[in-house]
K.L.:
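Submitted below is the structure of interest, expressed as structure tokens.
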Amino acid sequence: MVKIAGGFGASELFQFLRDGEPRTRAELAQLTGLARSTISLRIDELLEHGLVTPVGEAVSTGGRPPAQIALNPGARVVVAADLGATHGRVAITDLSGTVLRSVFEDLVIDNGPEVVLDWLVLTINRLMVECDRPISDLVAVGIGLPGPVEHESGRPTNPPIMPGWDGYDVPAHMRRTFSVPILVDNDVNIMALGERAMGWPDADNIIFVKVSTGIGLGIIGGGVLQRGAQGIAGDIGHVKIPRGAGVVCKCGNEGCLEAIAGSPAIIADLRGIGRDITTVAELVALVKSGDTSAIQAVRQAGRDIGEVLTVCVSIINPSVITIGGALAQAGEHIIAGVREVVYSRSTPFAAEHLSIVQSRAGEMAGVAGASIMAIERALSPEGIEGIGA
Ligand SMILES: [Zn+2]
């Protein structure tokens with residue numbers, strides 16, 4: 001990790017400060033192997049841009065107490081946007097991920113990228129004004145979309161529920177207004193990042209399950225989000241499962257997990273026996289009201305999801321499976337179904353060390369993850385160069 005070479009600039013030095021821990025110039029010299037005079041020059045550059053700030057006083061070894069330097073989280077801001085099929089949550093956060101301002105509004109992703117992204121631009125501008133921050137304080141934008149995304153290019157790839165978005169250059173659209181890095185990812189991936197940061201900071205192997213209209217996984221392996229070769233790792237909604245035999249999915253195949261355990265399938269089944277519900281929220285309310293058929297249907301969906309998760313447990317060996325998404329609001333019933341199958345089918349050793357629980361980040365998981373994604377980029381050596389250090 002220690003880089004002792006020519007061209008060690010302020011942006012590289014900053015990497016030793018971005019965790020927020022205060023450090024003295026002497027500690028930084030020891031960490032980097034650089035001369036104290038070089039450290040002082042670089043620190044001055046960072047101080048000038050406000051990215052670090054002197055804090056407290058370190059324990060003195062005699063004489064004048066050495067000043068400590070730490071990240072100044074309020075120096076700049078990022079945008080975190082979690083866009084779903086029918087709603088969007090947009091937040092402005094500081095460089096520690098603290099939400100300064102956020103909104104949750106209706107949107108229709110089917111309206112296509114031009115309309116939705118123009119709305120996002122207006123919303124960002126409004127939030128920045130409400131935060132009393134100039135646009136020049138904005139250093140990155142993180143966006144989650146409800147479909148597969150090629151993370152490198154920021155373009156959606158064959159998204160099933162997003163007509164008009166396939167291959168659309170989302171970063172280019174946003175950069176018409178904001179000349180900062182624009183990071184785009186699948187919503188389940190950013191939810192996994194947010195869930196880990198807010199709920200399981202010490203766990204390196206986590207599966208986040210989003211259960212809603214669609215079913216997908218965000219996988220953290222070895223502490224790193226696993227996107228896979230095309231950005232669709234964890235896209236389990238169209239894995240074939242035995243109970244789905246004969247059920248045709250909207251993708252055209254038969255027996256897909258989503259076609260029997262996604263919320264539209266559960267709602268259709270319950271309507272078939274006379275329950276007057278159309279939305280996930282109504283389904284969740286029905287479960288909470290104690291309706292036995294609804295509870296059984298949701299528990300069965302949990303078992304179906306558990307079938308696929310059992311395979312994932314064998315491959316990934318996670319310490320935590322966390323269940324989020326709109327249908328997770330139905331509480332313990334869906335989790336009980338997942339546990340029932342995963343614990344009975346997994347190898348005893350894997351099961352013994354595996355927690356299967358409800359999402360801790362809840363509805364803020366997506367925004368938290370989008371913020372992390374944006375901050376990661378903004379505070380990387382290239383990002384800091386862009387800020388001007
Ligand atoms: Zn399918």
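The chain is numbered in sequence order, starting from 1. Indexing begins at 1, ligand by ligand and atom by atom, following the structure's order.
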K.L.:
How about the Zn ion (ligand 1), which protein N, O or S atoms come within less than 2.8 Å?
P.N.:
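Less than 2.8 Å away from the Zn ion (ligand 1) sit His238 ND1, Cys249 SG, Cys251 SG, Cys256 SG.
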K.L.:
If you count the non-hydrogen atoms of other residues, nucleotides and ligands that lie under 6.0 Å from CG in Asp276, is the total more than 12?
P.N.:
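Atom CG in Asp276 is not packed in, count stays at 12 or less.
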K.L.:
Ring-plane angle category for His173 and Tyr168, please: parallel below 30°, perpendicular beyond 60°, tilted otherwise.
P.N.:
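Rings of His173 and Tyr168: tilted, as their planes differ by 30° to 60°.
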K.L.:
Run the side-chain hydrogen bond (donor to acceptor under 3.5 Å, both in side chains) test on Ser359 and Glu195 for me, step by step, so that the C-alpha distance in whole Å, both residues' side-chain angles and the decisive distance to 0.1 Å come before the verdict.
P.N.:
CA-CA 7 Å; Ser359 163; Glu195 176 72 19; 2.6 Å; yes
K.L.:
Distance-only, no hydrogens or angles: does the Glu12 side chain make a donor-acceptor pair with backbone N or O of Gly9 under 3.5 Å?
P.N.:
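A pair under 3.5 Å: yes.
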K.L.:
Under a 3.5 Å cutoff, is there a donor and acceptor pairing between the side chains of Ser153 and Glu150?
P.N.:
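Result is yes, a qualifying pair exists.
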K.L.:
Under the side-chain hydrogen bond (donor to acceptor under 3.5 Å, both in side chains) rule, what do Gln296 and Arg299 come out as? Steps first, then yes or no, please.
P.N.:
CA-CA 5 Å; Gln296 280 173 358; Arg299 189 169 179 129; over 6 Å; no
